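Beneath this line is the structure, given in structure tokens, with notes to follow.
What you see is a predicted model; the values in this text were computed from it and never measured.
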Amino acid sequence: MANNVEIIGLGAGDINQLPLGIYRKLQEQEGKVYVRTLDHPVIDQLKQEGVSFDSFDEVYEKNQDFSSVYQEIAEMLAEAAAEQDIIYAVPGHPMLAEKTVQLLLENDNLHVSVTGGQSYLDALFTTLRIDPIEGFQFVDGTSFKRSVLEYRHHLVFCQVYDAFIASEIKLTLLEDLSPEHPVTIVEAAGSSQEKVITIPLVELDQSSRLSNLTSVYVAPVPDTELNHQFFRLREVIAQLRGPNGCPWDKKQTHQSLRQYLLEEAYEFIEAVNAEDDDAMIEEIGDVLLQVMLHSQIGEDEGFFTIDDVISTLTEKMIRRHPHVFGEAVADTAEQVMDNWQKIKAEEKQGVPSLLSGVPKELPQLTAAEELQKKAAKVGFDWGSSEPIWEKLHEELEEWREAVEEKETMEIEKEFGDFLFAIVNLARYYKINPELSLNRTNTKFRDRFAYIEKQTALSGKSMGDMTLEELDHYWNEAKKME
């Protein structure tokens, strides 16, 4: 059996771009020439000269996605090659944006040779008057991810066969660019049929000039239009810390910034409690700012960069989610947490104490909760609420006795025990004590602000009012919640 496949390129445009050797080979071919599609100007001209072609256009019509199309074409060509040597012709150059060619090359049962045709990229660069050395990205319009697009480079989408593909490209680009951003449609670059139009992005899928020879070009986008992308934030933070940056940012250290990370985290929690989306966007941005500043300080001092932070986090997420990225099974949130803790324990082997993983710098209510959680993992915990309630009453009574004895140190110690018992009870009922207290503090601020406002409207000062009068406004504020 032959199993020989010769792949030739038909060039990017009309027959004038076809190399003489390939032209003669096609003229001399006695049997049919297989072509991926008849939608190419060279084929029309060669058919008039008596060359016979067998296309796979019907494969496109019966499949739902391009991956299936290319796979089926490759399989059909392999079957034909098993009977006799075949020629397979594709638009442009065989090694440029031709998935069927790659599939044939991967088939170990075939002997594949490739004869080049002129790549349309040369003609495209000339038509657009761009130099790819400035930065160039070539993207298959039928299969790409938004995350890979580099808008700072010359960006060309190929294989924009029809309005559906153009629509998918448009919707993706609209995630980053404005509807009026200019895009250029290039048809049959370098041939006598070449057409070039520049239109607003929003009109991309409305163009009638879409075919097998269509490309879409996006010129490099200025950095100022890409402020939503991570690289811009990194550049801005680096500039703030740079030689000509901000005096305040330049003088900050890990130690000086500690308080701000806590403050910004609590402000985000406040926005969450208020269910204020705009505030959440701003406040979580402020938290991210602290992460970026600490990372930039680490880079400036030569110890770590934001890349190290991201890499460490990504690897940890993959490692601790084997049910997603590996073979483990976890069908419930509880199973996920069990796996997480087991993996975490393996990572922390050699740590002297189970409780050493709780930072001493945590807010003390949070620290109490975390200490109790750690102890509970090894069974040091009550299994029901009754003994916790009993412990709470016991600690309250001991605190009362300390108050009566007027021993300051003892009062403080017993009050701490009482708070610890409250945290334990809150944990049993799955209540976060920090968040609960935060809600109460917010509620107190709002009610007290109402008292201040009503007092001012009455023409009195708060210091001149009785507790009963102030309490009246307090109750009014309470009813309005």
Side-chain angles (χ1 to χ4, degrees), residues 97 121 124-160 163-187 189 195-207 209-210 214-246 249 264 277-293 295-296 299 305-307 309-310:
L121 283 181
L124 186 68
F125 294 149
T126 302
T127 297
L128 295 171
R129 298 184 178 182
I130 64 175
D131 187 345
I133 201 171
E134 297 170 354
F136 170 68
Q137 188 176 23
F138 191 49
V139 180
D140 183 349
T142 67
S143 177
F144 69 95
K145 294 181 179 180
R146 175 191 170 202
S147 60
V148 307
L149 299 181
E150 178 48 81
Y151 291 104
R152 292 174 291 178
H153 294 169
H154 296 284
L155 182 58
V156 172
F157 292 89
C158 68
Q159 314 242 58
V160 190
F164 176 78
I165 298 173
S167 178
E168 290 296 308
I169 294 173
K170 179 188 79 171
L171 292 175
T172 301
L173 294 182
L174 284 174
E175 294 286 331
D176 297 297
L177 307 176
S178 72
E180 299 305 314
H181 193 90
V183 296
T184 300
I185 299 177
V186 182
E187 177 75 14
K195 295 178 182 178
V196 181
I197 60 170
T198 298
I199 59 175
L201 172 59
V202 72
E203 298 177 11
L204 178 58
D205 53 351
Q206 300 170 25
S207 173
R209 297 179 178 179
L210 299 173
T214 300
S215 296
V216 174
Y217 168 68
V218 182
V221 179
D223 286 355
T224 52
E225 296 181 29
L226 299 172
N227 285 344
H228 63 292
Q229 298 204 345
F230 182 74
F231 81 89
R232 279 292 290 147
L233 173 61
R234 188 173 186 178
E235 288 177 351
V236 168
I237 299 302
Q239 187 171 343
L240 289 173
R241 292 268 308 168
N244 299 316
C246 170
D249 290 284
E264 302 300 355
D277 290 337
D278 291 335
M280 278 191 266
I281 292 171
E282 180 176 354
E283 300 302 342
I284 199 65
D286 289 342
V287 173
L288 178 57
L289 169 61
Q290 298 306 310
V291 174
M292 296 303 295
L293 283 172
S295 298
Q296 189 61 47
E299 184 170 351
T305 71
I306 188 63
D307 294 330
V309 174
I310 293 172

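- Of all the heavy atoms in His154 and Pro220, the pair that sits closest is ND1-CD, 3.4 Å.
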Please set out all donor-acceptor pairs under 3.5 angstrom arising from side-chain atoms of residues 283-292, sequence neighbours excluded.
none

Atom pairs and distances, donor-acceptor, side-chain atoms in residues 137-149, under 3.5 Å, two or more places apart:
unit_1, atom_1, unit_2, atom_2, d
Gln137, OE1, Glu150, N, 2.7
Gln137, NE2, Val148, O, 2.6
Asp140, OD1, Thr142, N, 2.9
Asp140, OD1, Thr142, OG1, 2.7
Asp140, OD2, Thr142, OG1, 3.2
Arg146, NE, Asp176, OD1, 3.4
Arg146, NE, Asp176, OD2, 3.0
Arg146, NH2, Asp176, OD1, 2.8

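- Considering only residues two or more places apart in sequence or on other chains, Asp307 meets the salt bridge (charged side-chain N to carboxylate O under 4.0 Å, His left out) condition with Arg234.
- By the 4.5 Å heavy-atom criterion applied to side chains, Phe157 and Leu173 are counted as neighbours.
- Residue Leu124 holds its CG atom at 9.0 Å from OH of Tyr217, rounded to the nearest 0.5 Å.
- Counting only distance, with no hydrogens or angles, the side chain of Ser167 and the backbone of Ala163 share no donor-acceptor pair below 3.5 Å.
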Can you list the steps and then say if Ile169 with Asp205 is a side chain to side chain contact (heavy atoms under 4.5 Å, CB included)?
CA-CA 9 Å; Ile169 294 173; Asp205 53 351; over 6 Å; no

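- Between Asp249 and Ile237, the closest side-chain pair of non-hydrogen atoms is not below 4.5 Å.
- Taking OG1 from Thr214 and NZ from Lys195, the interatomic distance works out to 10.0 Å, rounded to the nearest 0.5 Å.
- Of all non-hydrogen atoms in Ser215 and Val156, the two that sit nearest each other are CB-CG1, 4.2 Å.
- Remark: Pro243 engages no residue in a side chain to side chain contact (heavy atoms under 4.5 Å, CB included) (not counting sequence neighbours).
- Aromatic ring orientation, Phe125 versus Phe136: perpendicular (interplanar angle above 60°, classes split at 30° and 60°).
- Between Ser295 and Val309, the shortest heavy-atom contact is OG-CG2, 3.7 Å.
- Residue pairs meeting the salt bridge (charged side-chain N to carboxylate O under 4.0 Å, His left out) criterion with at least one member in residues 219-228: none, sequence neighbours excluded.
- Considering CD of Glu187 and CG of Leu210, their distance stands at 7.5 Å, rounded to 0.5 Å.
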For Gln206 and Ile199, what are the C-alpha separation, side-chain angles and deciding distance, and is it a side chain to side chain contact (heavy atoms under 4.5 Å, CB included)?
CA-CA 10 Å; Gln206 300 170 25; Ile199 59 175; over 6 Å; no

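- Annotation: side-chain hydrogen bond (donor to acceptor under 3.5 Å, both in side chains) contacts of Glu235 (sequence neighbours excluded): Arg232.
- Between Leu201 and Ser178, the shortest heavy-atom contact is CD2-O, 3.8 Å.
- Applying the side chain to side chain contact (heavy atoms under 4.5 Å, CB included) test to Val196 and every residue at least two apart in sequence or in another chain returns Thr127, Thr184, Val186, Glu194.
- The shortest side-chain heavy-atom distance between Lys170 and Val183 does not fall under the 4.5 Å cut-off.
- Not counting sequence neighbours, Tyr151 has no partner by the ring pair (Phe, Tyr, Trp, His ring centres under 6.0 Å) test.
- Phe230 pairs by the ring pair (Phe, Tyr, Trp, His ring centres under 6.0 Å) definition with nothing, not counting sequence neighbours.
- Partners of Asp131 under the side chain to side chain contact (heavy atoms under 4.5 Å, CB included) rule, at least two apart in sequence or in another chain, are Ile133, Glu134.
- For the pair Ile165 and Val160, the tightest heavy-atom approach, listed with the atom from each and the gap, is CG2-CA, 4.1 Å.
- Under the side chain to side chain contact (heavy atoms under 4.5 Å, CB included) criterion, Pro182 pairs with Thr198, not counting sequence neighbours.
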